[in-house]
Number of protein chains: 2
Amino acid sequence: MPSKSAPAPAKASLDAISLNPSPPKGLRAANAALKPSFKAQMLQAREDAIIQAVNRLLAEKGFDLMTVDEVAAEVGIAKASLYKHFPSKEDLAAAAMVHMISRARYFLDHLPISAKPIDKLKSLVRWMMGLQLTGQMPSLPSQNSSLRANLIANKVYLEGLIQVSDLIGEWIVEAQKDGSLCQQTQPIVVLYTLYSRACDPVLEFLKAGGQHTDDEIIEIVIATCFDGLSARQPAKS
Amino acid sequence: MPSKSAPAPAKASLDAISLNPSPPKGLRAANAALKPSFKAQMLQAREDAIIQAVNRLLAEKGFDLMTVDEVAAEVGIAKASLYKHFPSKEDLAAAAMVHMISRARYFLDHLPISAKPIDKLKSLVRWMMGLQLTGQMPSLPSQNSSLRANLIANKVYLEGLIQVSDLIGEWIVEAQKDGSLCQQTQPIVVLYTLYSRACDPVLEFLKAGGQHTDDEIIEIVIATCFDGLSARQPAKS
DNA sequence: GTCTATATCGCGATAGAC
DNA sequence: GTCTATCGCGATATAGAC
């Protein structure tokens, strides 16, 4: 079912313009006088379409099984044109990751300020799991060396990741102070654990089981993640 | 550090004979009269060496990045010889998985009978995490279609997996009855969650952090897995 | 900057001698 | 059953015309 038929070339480009309102784009294009330079806009839109295709394929097949030919086919352009935008497959994946970091920062910045830290953390995990269940979370096999090297060399990605991690880290510390989060667990461990939920294979298992909706799966994993598998006294709230 | 230098060809073969005492081998060789057929023994030992190498490489690089040439080099035989034992790369991985299932059944069967079900479950998770931390847990990217098809077509693997799952499932139900395991969580969800700990990326994160020993990491993840991240009343035990 | 066509190469799998 | 040598294919990346 997923494969050889040419996948509607024009659609991806259009979607990339209308959809994805998350992070505001075209800042650079909007400042150079009144004329945003249509050319630059088109170029930006095409790059967005590329990144969107990469993200989808990365989520569907992972980095190793994703081919540059597929990306080009999904965007509807020639492979050689792709390489004019991104000099390598690794850079393609890196751009997709930068985009995800950007979406994450936008999501975190727009959480209700009044929410309790523990609820912000849960919202984050729900969001990440939702992305994975809907095939939007790029999965980079953590073992590929060339890809990792390329990623940690990418300052935009790395600084974004650090900023996001710092923000989440503050919430973790706050949640520990207000008594809603386990104080025996080191904040860094909490952070890693939350990140790991974004690629937890249990999501795929449950989805394959077909007995639950995506939302049900998310609540199940949220419960096991925060409340644990052991029996617990009925919560006071 | 990991790579191009030819990796000590002879060693793997010898280790395969002396090490790996877990599941008893050579049953077939031992029955045909008094003479176990040295030839068959050597052949069996070589196949064990192959499987051991595959398991290690599978754990180190994953299925996609593992090459058959590497396996042959690590075992110390020619690639063509490998293909006389296993007709494809997928069969190679399948054999490694069958071996792991076998080890798991042996481990489960030799847990102290007197142990409480909840402790049996924790022991299992500890064992799986220990395997992953020491590079013995093969990681099969759950996305590869041809590999999955090959695996579920492998009756030995599938039946073994079902047997193991049934056994664990019984413990889960018992642990829920005796009040040590959360009764609101469906047994199948518990099972999937436990399995997922075997390939939880949080292990790699913590190991990369370098701040904890393997045993410490295991206890940390056991705690977050069973007790959750949320604050909890001091346990009564 | 986009295209078609091609270079280059790594990897799974085989041929055929011994 | 083991070896050396090679095929065949698919994938990344590039050349060169427009």
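Remember, it's a predicted structure, so these values are computed and weren't measured experimentally. Proteins come first, then strands; the chains are lettered A, B, ... in the order of their sequence lines, and each starts at number 1.
Between the C1' atom of C:dC11 and the NZ atom of B:K79 lies a distance of 6 Å, rounded to the nearest Å. When rounded to the nearest whole Å, the span between OH of A:Y83 and C1' of C:dT8 equals 13 Å. One atom, CG of B:N150, and another, P of C:dG12, lie 15 Å apart when rounded to the nearest Å. A straight line from CG of A:L43 to P of C:dT2 spans 7 Å, rounded to a whole angstrom. In this structure, B:L65 atom CG and D:dT12 atom P are separated by 13 Å, rounded to whole Å. Taking atom CE of A:M66 as the reference point, atom P of D:dA13 lies 10 Å away to the nearest angstrom. Atom CD of B:E90 and atom C1' of C:dA13 are 11 Å apart (whole Å). Look at CD1 on B:I50: it is 12 Å from P on D:dG1, rounded to the nearest Å.
For A:S88, counting side-chain heavy atoms from C-beta on, the closest listed nucleotide (D:dT2, D:dA13, C:dG12) is D:dA13. Looking at the side chain of B:V68, the nearest of the listed nucleotides D:dA11, C:dG12, D:dT2 is C:dG12. Closest to the side chain of A:A78, out of C:dT4, C:dA13, D:dT4, is C:dT4. Closest contact between the side chain of A:A80 and the listed nucleotides D:dA11, C:dG12, C:dC3 involves C:dC3.
A donor-acceptor pair under 3.5 Å is formed between the side chain of A:K89 and the backbone N or O of A:M66.
Salt-bridge check for B:R197 with A:D200: passed, with a basic side-chain N closer than 4.0 Å to an acidic carboxylate O.
Looking only at side-chain heavy atoms (C-beta outward), A:V68 and A:Y83 come within less than 4.5 Å of each other.
Side-chain nitrogen and oxygen atoms of B:R46 include at least one within less than 4.0 Å of the OP1 or OP2 phosphate oxygen of D:dT2. Between C:dC3 and A:S81, a contact under 4.0 Å exists linking OP1 or OP2 to a side-chain N or O. An OP1 or OP2 oxygen of C:dG12 is reached within less than 4.0 angstrom by a side-chain nitrogen or oxygen of B:K89.
Each of A:P87 and B:K84 lies near DNA chain D, and the nucleotide nearest B:K84 is the one positioned closer to the 5' end.
Ring-plane geometry between A:W127 and A:F107 is classed as parallel, the angle between the planes falling under 30 degrees on a 0 to 90 degree scale with a further cut at 60.
Atom CZ of B:R105 sits in a sparse spot, with 12 or fewer heavy atoms from other residues, nucleotides or ligands closer than 6.0 Å.
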